[in-house]
Amino acid sequence: MAPALKVEQTVQEWGNGLGVRITSPVAKAAHLSQGVPISVEVVKNGVLLRVVGKPKLSLNQKLKAFDPEKHSGEVMATIAAGKEII
């Protein structure tokens, strides 16, 4: 089975470790974006990166996705349900 996209890159020093930059075409093809959690596995003849969940959204991303029509409005019932003081 041929890969959908194949690129050759060079491992470089990155801080106290090593790194490979994931280019935009590769990231798009693999459905990767900033914050996506991955697992890194050493396999025969290489390394396998695998998405293991959904990205954690920043506050700005959460606020951008907020829909007032869907999420706002009165939370409590309009009539007293017990001995509340209104």
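Nothing fancy with the numbering, it's 1 onward along the sequence.
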Which pairs of donor and acceptor atoms, one on a side chain in residues 38-52, lie under 3.5 Å apart (sequence neighbours left out)?
| residue | atom | partner | partner atom | Å |
| --- | --- | --- | --- | --- |
| Glu41 | OE2 | Arg50 | NE | 3.3 |

Atom pairs and distances, donor-acceptor, side-chain atoms in residues 18-37, under 3.5 Å, two or more places apart:
none

Would you find more than 12 non-hydrogen atoms of other residues, nucleotides or ligands less than 6.0 Å from Gln9 atom CD? yes
Which residue pairs satisfy the side chain to side chain donor-acceptor pair (under 3.5 Å) criterion with at least one member in residues 54-65, sequence neighbours excluded? Ser58-Gln61
For Leu59, the rest of its hydrophobic cluster, which grows through side-chain links under 4.5 angstrom: Leu63
Could you note down all residue pairs passing ring-ring contact (aromatic ring centres under 6.0 Å, His included) where residues 46-68 supplies at least one of them, sequence neighbours left out? Phe66-His71
